[in-house]
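Below is one structure; the comments refer to it alone.
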Amino acid sequence: MRYRLICSLSLLCLALYSGSPARAAHAYAMWGEPALPAGFDHLPYVNPGAPKGGELRLVSNLRASTFDKYNPFTIRGNAPAYLSALMFDTLLSGSLAETATGYGLLAEDVAVAPDGLSATFRLRPEARFHNGKPVLAMDVKHSFDTLVGPYTSPAYKTMLIEVAGVDVLDERTVRYRFHKPNRELPLTVGGLPVFSRDWGLGEDGKPKPFDQVVMDIPIGSGPYRIGPVNFGKDITYVRDPQYWARDLPVRRGTANFDRVLIKIYKDNTARLEALKAGEFDLMRFFSAGDWARRVNGKKFDTGELVKAEFPNKLPTGFQSYVLNTRRPLLADRRVREALGLAFDFEWMSRQLFYGAYQRVHGIFGNTMCETHGSPTPAELALLDPWRKELPPEVFGPMYEPPVTQDAMALREHLRRALALLKEAGWEVRDGVLRNARGEPFVLEYMDSSEGGVRTLSSWQRNLAKLGITLRFRSVDFALYQQRLQKFDFDITTIAYQGTNNPGQEFADLFGSKAADQEDSGNFPGVKNPAVDAAIRAMVSARTLDQMLPACHALDRIIAHEHYLIPQWSAPTHRMVYNAWRLARPRVVPPYSPGEMWVVDTWWAQKP
């Protein structure tokens with residue numbers, strides 16, 4: 001299962017500047033005002049007096065079984081888990097207690113131009129890279145220019161397409177210029193990692209092409225540096241005791257562990273047994289079966305290991321089966337809808353998930369953009385120009401995934417599916433679904449884990465009743481990544497991370513230009529002008545009243561075109577932690593990101 005991050009690099013923000021005067025501020029909120037005033041002492045969910053010291057032992061949260069580079073931004077290869085978050089500071093830092101708000105980190109203050117066409121950041125004079133050099137405006141510009149260059153993920157280029165350029169106004173002042181006003185762009189550029197111009201210099205003192213910056217130790221300004229490394233086994237990040245921002249309000253009470261050890265295991269079984277043996281201190285669980293039946297043992301009985309569920313208000317995301325519409329078999333919307341009708345979530349919830357999951361509904365679940373009911377007049381104004389190109393269902397009630405209460409309901413769904421397939425030119429002959437040329441309907445589901453076949457089996461059985469063969473193909477993770485980059489698959493699963501601040505990143509996920517761009521996030525191959533128009537409206541919105549209808553219009557189109565078959569989400573973070581080694585703040589932030597909340601704000605128990 002691949003995780004696609006779409007969170008705008010955010011929970012961050014800024015303010016803008018152009019030729020017109022603008023008021024510099026300590027923070028920027030995309031909508032309304034920041035919750036914390038200038039001069040605040042610390043974030044509301046940290047322990048500002050948390051002791052420093054000790055070691056946090058984690059298991060890698062990546063699918064890759066090893067790492068072969070230290071550069072997390074280039075396309076090829078795998079970087080270690082948590083490297084970017086621990087080693088690179090950003091201009092602004094978000095709060096886990098609110099959304100769409102950022103507070104100055106590298107930036108002392110930010111200013112938003114009245115016309116919304118630029119953003120100016122003034123850097124803190126005390127900001128320092130790990131090599132001791134100051135963080136300067138030229139470093140910010142260099143980082144941006146590198147990220148939109150030829151050697152990084154195309155997601156950066158798509159997300160930053162509306163940034164016209166970066167100007168160095170003086171040694172510590174940098175201005176981002178925008179092609180048009182966009183309230184999200186300050187959040188986006190404020191959340192970009194900043195790295196030193198010295199990272200990747202060759203022996204001749206000249207910069208190497210960025211794709212050749214592989215094992216060069218990153219020169220960032222974050223709270224941790226790379227420590228001892230055992231390739232294929234583990235990596236340790238070591239806290240910088242002279243970290244320049246340790247006493248800033250946005251950093252007080254954070255980065256409390258002297259060492260963060262990340263261990264790598266080959267498979268889930270090895271990870272679980274290592275946890276029970278006490279080889280590491282914390283593990284997040286995504287398997288309902290493991291959580292319900294296999295999280296037990298002596299260390300749980302003694303209270304050393306604690307099994308806890310932490311509620312949150314995060315977006316649910318939209319983990320889904322992705323249907324690659326580039327494949328002829330999946331190009332017809334009616335076929336895609338038929339495949340969804342054969343998916344029985346209720347059976348899976350009872351038999352496999354122990355009732356631990358809820359069904360995904362749309363791409364904006366648990367956010368203000370979540371869509372319900374029939375389109376409002378504002379939504380219809382965005383949809384009506386595309387009425388001839390869109391399914392009529394888009395203009396009615398929001399799509400709801402089919403519910404299968406019993407066998408009778410499933411039979412009705414399958415009858416509806418057969419009717420749709422017949423409309424699309426497919427009929428069952430000799431127990432096999434065939435087209436007019438007699439060709440059978442055969443699809444392949446690709447995954448990088450053998451365990452995926454367990455959740456796929458009931459869908460396979462139901463599809464077989466329609467005469468459809470769905471084959472399970474397990475490939476190693478490296479090949480899985482390559483095939484995803486080249487869109488060489490029929491169906492796979494993508495765990496899309498949700499966002500409270502949707503914007504330009506959706507052009508990478510669903511925009512027509514991204515459909516033909518290798519390694520983009522447009523896995524389903526969406527090429528739909530109505531989708532492009534909805535994304536443009538969402539990105540250019542100046543107010544909530546403008547943004548919400550655009551979100552809802554996009555949600556309706558994606559749902560009713562059946563590019564995705566929605567899967568499931570969990571309402572809590574399920575984590576096991578070692579209570580004898582770890583202590584945590586009293587307050588659980590509402591937008592806690594799971595493991596990184598632990599890395600950022602927990603601390604080591606005294607021996």
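These numbers come from a predicted model, not from an experiment.
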Compute whether any side-chain donor of one residue and acceptor of the other, for [X] and [Y], lie under 3.5 angstrom apart.
| X | Y | value |
| --- | --- | --- |
| N528 | Y563 | yes |
| T493 | Q567 | yes |
| T371 | D555 | yes |
| Q460 | S457 | no |

Which pair of heavy atoms, one from [X] and one from [Y], lies closest together, and at what distance?
| X | Y | answer |
| --- | --- | --- |
| I235 | F67 | CB-CZ, 4.0 Å |
| C369 | L548 | SG-CD2, 3.9 Å |
| L383 | R556 | CD1-CD, 4.3 Å |
| I468 | L421 | CD1-CD1, 4.2 Å |

Partner set under side chain to side chain contact (heavy atoms under 4.5 Å, CB included) for [X], not counting sequence neighbours:
| X | result |
| --- | --- |
| S592 | H573, P589, W597 |
| P72 | A79, L83, S84, F88, W199 |
| K513 | none |

[Y] side chain reached by [X] side chain, heavy atoms, under 4.5 Å:
| X | Y | answer |
| --- | --- | --- |
| F395 | L390 | yes |
| T499 | T99 | no |
| L418 | R416 | no |
| L56 | L261 | no |
| F285 | V576 | yes |
| Y399 | E393 | no |
| R584 | V598 | no |
| S93 | Y103 | no |

Checklist line | Under the ring-ring contact (aromatic ring centres under 6.0 Å, His included) test, residues paired with F353 that sit two or more places apart | finding: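 Listed in chain order: Y357, W568.
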Item checked: Partners meeting ring-ring contact (aromatic ring centres under 6.0 Å, His included) with H552 (sequence neighbours left out) ->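 With sequence neighbours excluded, H552 shows a ring-ring contact (aromatic ring centres under 6.0 Å, His included) to no residue whatsoever.
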Donor-acceptor contact present, side-chain [X] to main-chain [Y], <3.5 Å:
| X | Y | answer |
| --- | --- | --- |
| S512 | K527 | no |
| S320 | F318 | yes |
| T376 | E379 | yes |
| N47 | P585 | no |
| T254 | T601 | no |
| S520 | A514 | yes |
| D508 | G521 | yes |
| H413 | V403 | yes |

Margin query: side chain to side chain contact (heavy atoms under 4.5 Å, CB included) for N462 and F343? Distances and angles first, verdict last.
Written below: CA-CA 7 Å; N462 291 338; F343 179 67; over 6 Å; no
Notebook entry, point to check: Given the side-chain rings of W291 and F286, with only the six-membered ring counted for Trp, is the space between their centroids under 6.0 Å?
Noted result: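 No.
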Checklist line | Sub-6.0 Å ring centroid separation between Y265 and F280 | finding: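 Between Y265 and F280, the centre distance is under 6.0 Å.
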Check: Should M348 and T404 be marked as a side chain to side chain contact (heavy atoms under 4.5 Å, CB included) after you check the CA-CA gap, both sets of side-chain angles, and the distance that decides it?
Finding: CA-CA 10 Å; M348 296 175 69; T404 308; over 6 Å; no
Next item on the list: From the options W347, Y445, F472, Y321, select the one residue that forms a ring-ring contact (aromatic ring centres under 6.0 Å, His included) with W459.
Entry: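 That would be Y321.
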Answer yes or no: is there an ion pair linking [X] with [Y], defined by an N-O contact shorter than 4.0 Å?
| X | Y | result |
| --- | --- | --- |
| R471 | E444 | no |
| K486 | E518 | yes |
| R415 | E412 | yes |
| R336 | E561 | yes |

Item checked: Of P593, P590, P44, the residue whose pairing with L96 passes side-chain contact (heavy atoms from CB on, under 4.5 Å) ->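 Exactly one option meets the side-chain contact (heavy atoms from CB on, under 4.5 Å) with L96, and it is P593.
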Gap between atom [atom2] of [Y] and atom [atom1] of [X] - 0.5 Å precision:
| X | Y | atom1 | atom2 | answer |
| --- | --- | --- | --- | --- |
| K263 | M283 | NZ | CE | 13.5 Å |
| L323 | R333 | CG | CZ | 12.5 Å |
| Y480 | S474 | OH | OG | 10.5 Å |
| L463 | L443 | CG | CG | 8.0 Å |
| S349 | R359 | OG | CZ | 10.5 Å |
| T316 | F364 | OG1 | CZ | 11.0 Å |

Margin query: H361 and side-chain hydrogen bond (donor to acceptor under 3.5 Å, both in side chains): which single residue from E370, H372, E400 fits?
Written below: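 That would be E400.
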Next item on the list: Walk me through it: do R284 and E595 pass the test salt bridge (Lys or Arg N to Asp or Glu O under 4.0 Å)?
Entry: CA-CA 7 Å; R284 187 174 171 190; E595 298 100 323; 3.3 Å; yes
Notebook entry, point to check: For atom NZ of K307, is the number of surrounding heavy atoms from other residues, nucleotides or ligands below 6.0 Å larger than 12?
Noted result: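 Yes - once you tally the heavy atoms of other residues, nucleotides and ligands closer than 6.0 Å, there are more than 12.
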Checklist line | With sequence neighbours excluded, residues passing salt bridge (Lys or Arg N to Asp or Glu O under 4.0 Å) with D488 | finding: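 With sequence neighbours excluded, D488 shows a salt bridge (Lys or Arg N to Asp or Glu O under 4.0 Å) to R327, R483, given in chain and number order.
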Margin query: Evaluate L484 against F489 for side chain to side chain contact (heavy atoms under 4.5 Å, CB included), listing each step before the verdict.
Written below: CA-CA 7 Å; L484 281 181; F489 67 93; 4.0 Å; yes
